[in-house]
Amino acid sequence: MIDAKAVRANPDAMREVVRVRKVDPEKANVDRWLELDGARRELQSRIDGLNGEKKELAKLGKSDPDAARQKGQELRERGREMEQELGGIAAEWQEIMDWFPNWPHPDMPEGMGEEENVEEKAWIPRQGYLSADKLGRGETSGEYMPKRPVHAADQDFKPLHHAELGIKLGGIDTLQGGQVSGSRFAYLRGDVALMQYALSQLLIDELLARGYEMFVPPLLVRERALYGTSHFPEGRDQVYGIKTDNVEEGTDLFLVGSSEPTNFSYFMDRTLDAVELPAKVFAYTACFRSEAGSWGKDVKGIKRVHQFDKIEMNAVCLPEQSEEVYEEFGQVNEWLLQQLELPYRIVDKCHGDAGYLASHRQRDLEVWMSGSGEFMEVMTDTNATDYQARRLNIRYKGEEGRGFCHLVNDTGCAMGRLLISILDNYQQPGGVVKVPEALQRVVKKEQLEPAGGK
RNA sequence: GGAGAGGUGCCAGAGUGGUCGAAUGGGCUGGUCUCGAAAACCAGUGUGGCCGUACGGUCACCGAGGGUUCGAAUCCCUCCCUCUCCGCCA
């Protein structure tokens with residue numbers, strides 16, 4: 001949610017943001033909102049005046065109740081009518097506000113879609129960063145990325161899709177997952193499952209060393225939490241709702257698609273002491289997504305599934321800290337990918353592709369799948385400034401003043417997709433997969449081999 | 001799931017129909033006193049909306065939402081949450 005005063009002061013700016021962020025102008029209807037806003041304020045001040053009269057009358061009533069009675073009844077009736085009218089106006093006013101996107105960062109690239117995202121960096125194991133002239137819009141860096149699996153000693157073989165590798169290794173079973181839970185569910189087994197454990201340990205150790213606090217949050221949340229981070233209303237179709245016939249009535253619960261809503265909601269309706277900020281936390285949780293609207297897309301393997309594990313990094317900070325935290329999260333992302341020696345690029349998302357309404361600035365980290373020759377998004381770093389904090393009512397108070405906190409979120413490690421990245425980039429002839437050095441300590445193997453022999 | 005007790009300001013805690021945005025105590029801030037500190041004393045100390053350049057004014061808020069009433073923190077209804085005992089359970 002943005003500050004109503006700011007829209008009132010500059011409606012043209014909001015019209016422009018709605019346009020470039022490609023928000024449905026019927027939903028984020030600035031003109032209608034301005035009408036409602038005027039009506040709302042006018043009506044509110046009339047109600048305030050009437051309440052003042054009622055107050056005076058109430059004082060009179062204690063000495064002479066009879067005299068106050070008739071006038072009072074009349075005022076009450078008028079007040080009720082006005083309040084009812086206000087209720088309707090305020091509801092629509094809020095409904096439109098809910099679709100106003102956050103103000104974009106002045107440097108957010110202009111553009112209507114992913115082909116206009118701007119490449120910030122690209123990194124290749126043993127080579128380092130690509131020079132700036134090899135970066136650009138869209139997928140400019142792609143042609144400079146490795147054409148064969150980067151960690152294969154012998155490159156003369158036909159690389160396999162991660163789904164096939166997973167089957168050969170006996171480590172990914174989507175068939176039985178489908179039998180048990182339906183399509184887009186999978187079992188991870190044995191060393192592949194162990195590799196996920198190794199991934200989580202690698203990052204958790206790093207985050208703890210950096211002073212982040214670990215959370216184990218609730219995964220079933222009320223609507224407020226998802227509304228608060230702006231996953232509702234816009235992403236409502238991505239979320240599993242739980243029928244709660246067996247529990248308290250009136251408590252519809254939703255499975256989180258990320259621990260971002262539940263982590264940030266820990267701070268809702270609180271005023272935090274400025275000296276304690278930034279508060280940087282992380283959680284390793286399951287995430288649930290309906291993937292409505294992407295039927296038929298990425299159906300092979302575990303790239304797009306209904307349930308996956310993820311370490312999420314979240315920070316609650318002061319307004320002047322959010323850009324710095326946004327950079328720091330990006331550094332953690334790069335640290336992990338470099339530890340794993342995976343080729344990747346970072347893209348600065350443009351207006352038309354900057355994710356949900358809360359985004360003020362957003363970057364994706366995409367691993368280069370050297371086996372299959374494509375980029376795959378594995379992490380998203382987002383500075384939501386005070387947009388979510390307003391909805392969740394997270395404030396700070398310090399000597400400098402008070403206000404709404406800024407919230408920054410980033411994928412620490414999306415387990416499934418990192419596993420895919422590893423399988424793809426570390427594959428060898430015959431379906432053998434080398435274990436990244438950084439994971440060998442936990443996996444206790446140098447390579448994984450197809451089940452049933454070498 | 002059964003039975004009971006509660007939710008008031010930063011904290012503790014009063015308030016069961018009017019004069020209550022709310023006693024009192026603690027905390028915090030400023031002042032007096034002191035070489036300094038403590039103690040003591042004095043004053044101040046919530047959030048949000050609207051109006052105003054400002055001093056300020058005004059309205060709302062005592063878990064949430066409805067209702068009764070001229071008037072609600074106080075009465076009624078629904079919901080949420082917390083606590084105690086019993087049951088069940090990883």
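Owing to the predicted nature of the structure, the values given are computational and were not obtained by experimental measurement. All heavy atoms count here, side chains included; hydrogens, waters and symmetry mates do not. Below, chain A is the first sequence line, B the second, and so on; all start at residue 1.
Ring orientation note: the planes of F282(A) and Y212(A) are tilted relative to one another, at an angle of 30° to 60°. By the 30° and 60° cut-offs, the orientation of the rings of H306(A) relative to F185(A) is tilted.
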(Q) Run V316(A) and F264(A) through side-chain contact (heavy atoms from CB on, under 4.5 Å) and show every step you take. (A) CA-CA 8 Å; V316(A) 179; F264(A) 280 139; 4.0 Å; yes
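Going from the P atom of C62(B) to that of A73(B) covers 7 Å, rounded to whole Å. Here, C59(B) and A22(B) have their P atoms 13 Å apart, quoted to the whole Å. Comparing the C1' positions of A54(B) and G63(B) gives a spacing of 38 Å, expressed to the nearest Å. Distance noted for atom P between A64(B) and A72(B): 16 Å (whole Å). Nucleotides G9(B) and C86(B) are separated by 37 Å at their C1' atoms, to the nearest Å. Between C75(B) and G15(B), the two P atoms lie 12 Å apart (nearest whole Å). Straight-line distance between the C1' atoms of U47(B) and C42(B): roughly 28 Å, to the nearest whole Å. Taking atom C1' in both U8(B) and C61(B), one finds a spacing of 12 Å when rounded to whole Å.
For an aromatic pair to be called close, the ring centres must be under 6.0 Å apart, and F254(A) with Y240(A) fails this. In this structure, the ring of Y387(A) has its center no less than 6.0 angstrom from the ring center of W103(A). The aromatic ring centroids of F404(A) and Y396(A) lie 6.0 Å or more from each other.
With values rounded to the nearest 0.5 angstrom, F329(A) atom CZ is found 10.5 Å from T382(A) atom OG1. With values rounded to the nearest 0.5 angstrom, K54(A) atom NZ is found 10.5 Å from R78(A) atom CZ. With rounding to the nearest 0.5 angstrom, the NE2 atom of H162(A) is 9.0 Å from the CG atom of L165(A). Separating the OG atom in S200(A) from the CG atom in D309(A) is a distance of 8.5 Å, to the nearest 0.5 Å.
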Q: Map every base of RNA chain B to its dot-bracket character, where paired means a Watson-Crick or G-U wobble contact with both distances under 3.5 Å and | marks a partner outside the strand.
A: ((((((((.[[[..)..(.....]]]((((((.......))))))((((((....)))))).[[[[[..)....]]]]])))))))....
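Regarding R41(A), its CZ atom lies at a distance of 18 Å from the P atom of G48(B), rounded to whole Å. Rounded to an integer number of Å, the gap from M1(A) CE to G49(B) C1' is 13 Å. For the pair D269(A) CG and G9(B) C1', the interatomic distance rounds to 16 Å; values are reported in whole Å. Rounded to an integer number of Å, the gap from E223(A) CD to A64(B) C1' is 15 Å. Remark: C1' of A72(B) and NZ of K59(A) are 16 Å apart, rounded to the nearest angstrom. Atom CZ in F404(A) sits roughly 10 Å away from atom C1' in U47(B) (whole-Å rounding). In this structure, R40(A) places its CZ atom 11 Å from P of C51(B), rounding to the nearest Å. Rounded to whole angstrom, the span from the CD atom of E77(A) across to the C1' atom of U68(B) amounts to 13 Å.
The local environment of CZ in R441(A) is sparse, with at most 12 non-hydrogen atoms from other residues, nucleotides or ligands closer than 6.0 Å.
Between R402(A) and the phosphate of U47(B), there is a side-chain N or O to OP1/OP2 separation shorter than 4.0 Å.
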Find every protein N or O atom lying less than 3.5 Å from an N or O atom of nucleotides 69-71 of chain B, and list the pairs.
{"from": "C70(B)", "atom 1": "OP1", "to": "Q73(A)", "atom 2": "NE2", "distance (Å)": "3.1"}
{"from": "C70(B)", "atom 1": "OP2", "to": "Q73(A)", "atom 2": "NE2", "distance (Å)": "3.4"}
{"from": "C70(B)", "atom 1": "OP2", "to": "R76(A)", "atom 2": "NH1", "distance (Å)": "3.1"}
{"from": "C70(B)", "atom 1": "OP2", "to": "R76(A)", "atom 2": "NH2", "distance (Å)": "3.0"}
{"from": "C70(B)", "atom 1": "O4'", "to": "R69(A)", "atom 2": "O", "distance (Å)": "3.4"}
{"from": "G71(B)", "atom 1": "OP2", "to": "R76(A)", "atom 2": "NH1", "distance (Å)": "2.7"}

Q. Taking protein heavy atoms under 4.0 Å as touching, what does nucleotides 56-61 of chain B look like 5' to 3' if B marks base contact, S marks sugar-phosphate-only contact and - marks none?
A. ---SS-
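Residue R8(A) is in sugar-phosphate contact alone, with no base atom involved, counting any heavy-atom pair closer than 4.0 Å across all strands shown. K397(A) comes within contact range of no nucleotide atom at all, as no heavy-atom separation falls under 4.0 Å.
Two residues are said to be in side-chain contact when any heavy atoms from C-beta on lie closer than 4.5 Å; V433(A) and Q447(A) fail this criterion.
No cation-pi contact links R224(A) to Y227(A), judged by a cut-off of 6.0 Å to the six-membered ring centre and 45° from its axis.
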